Amino acid sequence: MDNLSSYEHRSVLESTPSANCHSMTAFSPQALAREPHGKSLRWLVVALVILFLISGGWGAVTAFKYARASLGNWRQQLQARDASSNPLAGDLPPVKKDFYGTLAGLKIVGVTPDSPAARAGLKFGDILVAYNRRPVSNQDEISAAMDYEQEQYSRTGKPATVELTLYRDGDMALKTLRVPTGRLGIYTREWTFAYAFVDDAIMQRNDYAEAERYANQAEASGQYTADQLLHMRVLCVNNEKDSEAIRQSQVDDLYQKSPADKVTLFGNYDLLYNKRFRAAAAVFERYLKIRKVDVSTELNLAACYVELDRYDDADALLKKVLARPNGDENAPSEYGLSVLSNIRGKIDMGRHQYDRAQERFLAALERYPGDSYYVLAFLYCAAQRDVKGEKPGEFEAAYKVVSGQLGETENSMGYHLDALRAFIFVKHNRTPEAAALVSKWKNSAEAKRYIPVFWSRFPEGSNIIDNWNNLLHGLSGKT
C-alpha cells in the first residue's frame with residue numbers, strides 16, 4: 001500500500017504464520033545499527049519508520065525477506081520485559097463473551113489483493129476488536145491469538161475458520177466475519193476510540209484545541225492506559241511553521257513527564273507516520289540533547305530535514321554519522337549505510353541533481369533487486385532527465401535496465417509506471433498515447449488514492465500528479 005494512515009502502524013497478519021512483524025514489515029533488531037539487544041524494540045521502530053518515509057509505505061515489503069529470521073529472537077525479548085514498561089508486550093488474551101462498548105482495537109489500513117482477508121470481505125477502515133472471541137488491541141495480542149489458533153489447527157485440524165469481531169464504517173455496532181485460520185494478509189494500526197477523535201481533529205481540521213480537549217477527556221475517564229494517552233499527547237505537538245515556541249514548550253513537557261526513549265519511540269509512530277515533520281524534528285532534536293549521540297534518532301532527524309527541504313542540515317547530520325569509526329556503537333550497520341545512502345538520494349533529488357540521485361537508486365537496486373520504491377525512484381530521476389532535455393530517451397533506457405526486476409511491481413503498482421510514462425508522453429507532445437495509459441486506471445480506486453500521495457513526496461512530483469489529473473479530467477469530459 002502506498003499510504004497507510006499511532007503507533008498503530010503494523011503489518012500483522014502476513015500470509016505466513018511465522019511472520020510476526022510490525023508496520024509494513026520488520027527488520028532484525030540489529031539491522032540498522034550496532035546496538036545492545038536491550039534496544040532492539042527502538043531499532044525495529046526506527047527501521048520501519050525510515051523505510052516508510054523513504055518508500056512512501058510499501059518499499060518495506062522487500063526488507064521483510066531479510067528480517068523474518070531475526071524476529072523470533074526479538075519477540076522473546078519483548079515477552080520477557082515488564083508489560084507495564086513496554087507498550088508492545090502482550091500475551092494470549094483470554095476468551096471474552098461480550099465486546100459491547102470496546103474502546104480499543106486494530107484498524108485495517110491495507111488489504112493484500114487476493115488474500116484470505118480480501119476474499120472474506122475485510123476492507124480499509126475496519127476496526128478489529130477480537131480474534132476468535134479474544135480481544136485484540138495490539139500486535140502481540142493478535143499475533144498470540146493467531147499463533148494459538150494456528151497451533152490448534154496444526155495438531156487437530158480445528159478450527160478451520162475463526163471469527164473476527166469488528167466495527168465498520170464508523171458504526172459502533174459489532175459485526176462478525178469468518179476467515180480461515182492463519183495469517184490474513186492485512187496491514188493494521190492500533191486504534192482507540194479517543195485517539196480516533198484526536199487524530200481526526202489534528203489531521204482533518206488542524207484543530208489543536210479540540211484535540212487537546214479530547215485527550216484531556218480521555219485522561220479524565222480513567223479508561224485509557226498511560227501509553228495510549230501519550231500517543232494522543234505526542235500527536236498534539238504543534239506542527240505549524242510559525243509556532244516554534246509552542247512546539248518547544250509541548251516537547252519539553254512530554255520529556256519531563258514521560259521516559260525519553262518512549263517519547264522518541266512514539267514520535268516515530270505518531271508524528272513521522274502522519275508526516276508531521278516539524279513536530280517530529282523537534283522531538284528528535286530534544287532527544288539528542290539528552291543522548292547527544294544516537295544513530296537511529298539522527299537518521300530519523302535527517303529524514304525529517306529532507307522533508308522540510310533542509311538539505312544542508314540533513315547532509316551535515318549524515319556526515320557526522322559517517323565519521324564514526326567501525327566498532328562505535330552508534331556507527332551505522334551495513335543496512336544503516338544503505339538507509340543513509342537512500343536519504344542522500346532524496347537530498348540529491350531535492351537539489352534537482354537527478355543524475356547523482358539516479359546512481360544512488362541504481363546502487364540500491366543492486367542490493368535489493370525489484371524493490372518497488374527504488375525502481376520508481378530510479379525511473380523518476382530518469383524521467384526528469386528525459387523531459388528536461390538533459391538526456392533524451394533516458395526513461396526508456398532506464399526502464400530496460402529494471403524491466404527484468406519489475407515483477408509484482410508492474411502488476412500491482414502499474415499505475416505509478418503509467419503515471420511516469422504519461423508525464424513523458426505529454427512533454428513530448430504525445431498526448432493521445434498518454435491518455436490511453438491513464439484510461440486504463442480511470443476506475444481504479446487505488447490509483448486515484450495513491451498517485452497523489454506517493455508522487456507528492458518527490459521534488460517536482462506535483463507535475464506528475466497534475467498531468468495525471470488533467471488527463472483524467474479530459475477523459476471524464478468525453479461522451
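Predicted model, so just to flag it, every value in this text is computed and none were measured.
Side chain of Asp200 to main chain of Ala196: no donor-acceptor pair is present (N/O by atom type, distance under 3.5 Å, no hydrogens or angles). Judged purely by atom type and a 3.5 angstrom limit, Tyr167 uses its side chain to pair as donor or acceptor with the backbone of Thr102.
Within the model, atoms CG of Asn238 and OH of Tyr208 stand 4.0 Å from one another, a figure rounded to the nearest 0.5 Å. Note that CG of Leu122 and OG1 of Thr188 are 11.5 Å apart. Values are rounded to the nearest 0.5 Å. In this structure, CG in Leu420 is found 4.5 Å from CD1 in Ile464, a value given to the nearest 0.5 Å. How far CD of Gln228 is from OH of Tyr195: 11.5 Å, rounded to the nearest 0.5 Å. The structure places CD of Glu163 at 5.0 Å from OG1 of Thr176, a figure rounded to the nearest 0.5 Å. For the atom pair CG of Asn239 and NZ of Lys275, the computed distance is 12.0 Å after rounding to the nearest 0.5 Å.
A salt bridge is defined here as a Lys NZ or Arg NE, NH1 or NH2 lying under 4.0 Å from an Asp or Glu carboxylate O, and Glu307 with Lys346 meets this definition. Taking a cutoff of 4.0 Å between a charged side-chain nitrogen and a carboxylate oxygen, Asp270 and Arg233 do not qualify as a salt bridge. A salt bridge between Lys175 and Asp126 is absent, with no side-chain N of the basic residue lying under 4.0 Å from a carboxylate O of the acidic one. Remark: Asp199 does not engage Lys107 in a salt bridge, criterion side-chain N to carboxylate O under 4.0 Å.
Counted by atom type alone, Ser143 and Tyr131 present zero donor-acceptor pairs between their side chains at under 3.5 Å.
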**Message:** Could you go through Val387 and Glu460, starting from their C-alpha distance and side-chain angles, then the distance that decides it, and tell me whether this counts as side-chain contact (heavy atoms from CB on, under 4.5 Å)?
**Reply:** CA-CA 12 Å; Val387 300; Glu460 301 184 275; over 6 Å; no
**Item:** Thr112/Tyr187 under side-chain contact (heavy atoms from CB on, under 4.5 Å): CA gap, chis, key distance, verdict
**Value:** CA-CA 8 Å; Thr112 303; Tyr187 302 97; 3.8 Å; yes
**Prompt:** What's the verdict on side-chain contact (heavy atoms from CB on, under 4.5 Å) for Phe284 and Asn268, showing C-alpha distance, side-chain angles and the deciding distance?
**Reply:** CA-CA 9 Å; Phe284 301 144; Asn268 289 332; 3.2 Å; yes
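In this structure, Arg449 satisfies the cation-pi test against Phe124, with its NZ or CZ atom closer than 6.0 Å to the six-membered ring centre and inside 45 degrees of the ring normal.
For Gln384, the side-chain hydrogen bond (donor to acceptor under 3.5 Å, both in side chains) partners are Tyr380, not counting sequence neighbours. In terms of the side-chain hydrogen bond (donor to acceptor under 3.5 Å, both in side chains) criterion, residue partners of Asp309 (sequence neighbours excluded) are, by chain and number, Tyr311. Evaluation of the side-chain contact (heavy atoms from CB on, under 4.5 Å) rule for Arg213 yields Glu210, Gln217 as partners, not counting sequence neighbours. By the side-chain hydrogen bond (donor to acceptor under 3.5 Å, both in side chains) test, Asn463 is found to be paired with no residue, residues two or more places apart in sequence or in another chain being considered. Applying the side-chain contact (heavy atoms from CB on, under 4.5 Å) criterion to Asp242, with sequence neighbours excluded, gives Glu240. Judged as a salt bridge (Lys or Arg N to Asp or Glu O under 4.0 Å), and not counting sequence neighbours, Lys448 has no contacts.
Proximity of Trp441 to Trp468: side-chain heavy atoms (C-beta onward) are separated by under 4.5 Å at one or more points. When side chains are defined from C-beta on, Arg360 does not count as touching Asn342, because their heavy atoms never get closer than 4.5 Å. Taking the side chain as every heavy atom from C-beta outward, Ile142 and Arg134 never approach each other to under 4.5 Å. Taking the side chain as every heavy atom from C-beta outward, Thr264 and Tyr255 approach each other to under 4.5 Å. You'll find the side chain of Phe458 reaches within 4.5 Å of the side chain of Met349, heavy atoms only. Considering only heavy atoms from C-beta on, Val179 stays 4.5 Å or farther from Pro116 through its side chain. The closest side-chain heavy-atom distance from Asp313 to Leu308 is not below 4.5 Å. With contacts defined as side-chain heavy-atom distances shorter than 4.5 Å, the pair Asp294/Asn330 qualifies.
Under the 30°/60° scheme for interplanar angles, the aromatic rings of Tyr373 and Phe361 are found to stand perpendicular. The aromatic rings of Tyr368 and Tyr374 sit parallel to each other, their planes meeting at less than 30°, with 60° as the upper class boundary.
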